[in-house]
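Please read the structure below before turning to the comments.
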Amino acid sequence: MKIVNFTILFAFLATLSFAQTGKVLDNLSVPSKLLKSERKFAIYLPPDYATSERSYPVLYLLHGAGDNHTGWVQFGEILHIADKAIMDGLSTPMIIVMPDADTGRRGYFNDVKGDWPYEDFFFQELMPFVEKKFRIKSEKRFRAVAGLSMGGGGSFMYALHHPELFSSACPLSAYIGPLSLDDAKKNMVKNNPNIADSTVSNYFNRHSVLPLVDNMTDTQKKAVRWYIDCGDDDFLYEGNSLAHIAMKKKEIPHEFRIREGGHTWTYWRSALPTVLEFVSQGFHQY
């Protein structure tokens, strides 16, 4: 009798353990007319997704330069970290979408020449596709964006361009764009020798954090909850600090963290539980 009870207990615990594991699909794709290609993405589904019928909040999690949609899966250990954050009560169960911004051309922005509209693809094709295909709550309060390095820049841009769509934004070790108009011109002239000064100026004002923060209207200052995190040995430390100072001067509420570390996956893995906790607070009533 004792053996039978032990067997039942073991089966129950094994089932419970299995039920607490989420799922990652890393070879999904969405057809894009704008980018004229199939675009890959990965997705994390929380532990109870398969057994429930409810809809979930969503976090769009952006990779850095040199990685693709599998970066947060392979190096960021999203499955283990998200599962643990949910099990520990730090994070609400959520769906996490990780798009590929490396294939064809690299980056999350529309190209200055207008022939690679990645940002348009993100909002017009990717987001509607995944939010229809999966059980995702599509209201602003249940949507967040985060990312590292190049993806940190994407997080900044997407939330600054579309504060009506995101409740929280968490740029990690972010590339914030050129720090000045002169820097922007130097960068763009390399690949576009005949580019007009007005085009450079317009693109800089639209794709760099500092002018976007500077030009933010009072009505938008509290539209997004911000969590900004960068290592003290990170080569992007200056830009993140300048973004913090600009937001402070503009009286834009935000959390700013400088922790020990560099531009490494060790640092970003350690940041992810706090990101999940922060966006979860936005998803809840508080």
Side-chain angles (χ1 to χ4, degrees), residues 5-28 41-63 67 69-99 130-131 133-139 141-148 151-152 155 166-173 225-229 255 257 259-261 264-286:
N5 287 342
F6 180 81
T7 303
I8 293 171
L9 178 63
F10 181 83
F12 172 76
L13 292 174
T15 302
L16 187 65
S17 174
F18 177 77
Q20 292 174 337
T21 301
K23 186 176 184 179
V24 168
L25 308 172
D26 66 358
N27 197 32
L28 304 175
F41 68 94
I43 197 163
Y44 165 85
L45 302 174
D48 61 349
Y49 185 85
T51 56
S52 80
E53 294 182 1
R54 74 182 188 91
S55 297
Y56 295 81
V58 61
L59 170 65
Y60 289 90
L61 187 59
L62 312 181
H63 66 78
D67 287 322
H69 60 291
T70 65
W72 277 107
V73 177
Q74 182 67 36
F75 308 119
E77 298 177 10
I78 188 68
L79 179 62
H80 166 71
I81 292 174
D83 277 358
K84 188 175 188 307
I86 292 169
M87 189 164 48
D88 291 348
L90 284 178
S91 170
T92 191
M94 69 180 77
I95 291 172
I96 302 174
V97 179
M98 297 156 278
V130 296
E131 295 189 6
K133 185 176 178 63
F134 297 92
R135 298 197 310 274
I136 290 174
K137 294 178 182 287
S138 57
E139 302 97 322
R141 63 174 293 189
F142 298 118
R143 188 186 295 115
V145 62
L148 67 90
S155 305
F166 299 103
S167 58
S168 302
C170 304
L172 308 174
S173 312
R225 299 172 65 253
W226 292 97
Y227 179 85
I228 303 162
D229 181 13
E255 298 293 326
R257 300 288 181 271
R259 299 183 295 118
E260 183 179 357
T264 66
W265 273 109
T266 300
Y267 189 88
W268 302 318
R269 283 191 296 268
S270 72
L272 187 54
T274 306
V275 167
L276 296 175
E277 182 179 18
F278 185 82
V279 301
S280 293
Q281 290 166 357
F283 296 152
H284 290 143
Q285 294 280 7
Y286 66 96

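Only heavy atoms go into these numbers, but all of them, side chains included; no hydrogens, no water, no symmetry mates. Start at 1 with the first residue, then count along the sequence.
Salt bridge status for R225 with E255: absent, with no side-chain N to carboxylate O gap under 4.0 Å.
You'll find the side chain of I81 reaches within 4.5 Å of the side chain of P273, heavy atoms only. The closest side-chain heavy-atom distance from M94 to P57 is below 4.5 Å. Residues W268 and V275 have side chains not in contact (no heavy-atom distance under 4.5 Å, counting atoms from C-beta outward). When side chains are defined from C-beta on, Y60 does not count as touching I96, because their heavy atoms never get closer than 4.5 Å. Side-chain contact check for Y49 versus R135: some heavy-atom pair is nearer than 4.5 Å. The side-chain heavy atoms of L90 and S280, taken from C-beta on, include no pair separated by under 4.5 Å. Using a 4.5 Å cut-off on side-chain heavy atoms (C-beta onward), I78 and L61 make contact. In this structure, the side chains of V97 and I95 come closer than 4.5 Å at one or more pairs of heavy atoms.
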For this session: Decide yes or no on side-chain contact (heavy atoms from CB on, under 4.5 Å) for L28 and I43, but give the supporting numbers first.
Result: CA-CA 8 Å; L28 304 175; I43 197 163; 3.6 Å; yes
For this session: Would you check, one step at a time, whether the test side-chain contact (heavy atoms from CB on, under 4.5 Å) holds for V279 with C170?
Result: CA-CA 8 Å; V279 301; C170 304; 3.8 Å; yes
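For the atom pair K23 NZ and L25 CG, the distance stands at 5.5 Å (nearest 0.5 Å). With rounding to the nearest 0.5 Å, the separation of CD1 in I86 from OG1 in T21 is 10.5 Å. The CH2 atom of W72 lies 9.0 Å from the CG atom of L59; values are rounded to the nearest 0.5 Å. Rounding to the nearest 0.5 angstrom, the gap separating the CG atom in L79 from the CG atom in L45 is 10.5 Å. Going from atom CZ of R141 over to atom NE2 of H284 covers 9.5 Å, rounded to the nearest 0.5 Å. Here the CG atom belonging to N27 is positioned 6.0 Å from the NE2 atom belonging to H69, to the nearest 0.5 angstrom.
K137 NZ: more than 12 foreign heavy atoms inside a 6.0 Å radius. Enclosure of atom CD in E139 by more than 12 non-hydrogen atoms of other residues, nucleotides or ligands within 6.0 angstrom is indicated.
Minimum heavy-atom separation, V58 to F283: O-CZ, 3.6 Å. Of all the heavy atoms in A82 and Y44, the pair that sits closest is CB-CZ, 3.5 Å. The shortest non-hydrogen separation linking E131 to I136 is CG-CG2, 3.7 Å.
Ring geometry for F75 against W265 counts as tilted: the plane angle lies between 30° and 60°, on a 0 to 90° scale. Y227 and F278 have tilted rings, their planes meeting at an angle from 30° to 60° on a 0 to 90° scale.
In this structure, R54 is positioned above the aromatic face of Y56, its NZ or CZ under 6.0 Å from the six-membered ring centre and within 45° of the axis. A cation-pi contact links R259 to Y267, judged by a cut-off of 6.0 Å to the six-membered ring centre and 45° from its axis.
S155 meets the side chain to side chain donor-acceptor pair (under 3.5 Å) test with no other residue; sequence neighbours excluded.
The closest donor-acceptor contact from the side chain of W226 to the backbone of S168 lies at 3.5 Å or more, if one exists at all. The backbone N or O of S138 sits less than 3.5 Å from a side-chain atom of R143, completing a donor-acceptor pair. H63 contributes no side-chain N or O that, together with a main-chain N or O of M98, makes up a donor-acceptor pair within less than 3.5 Å. Side-chain atoms of D26 never come within 3.5 Å of backbone atoms of A42 as a donor-acceptor pair (strictly under, hydrogens ignored).
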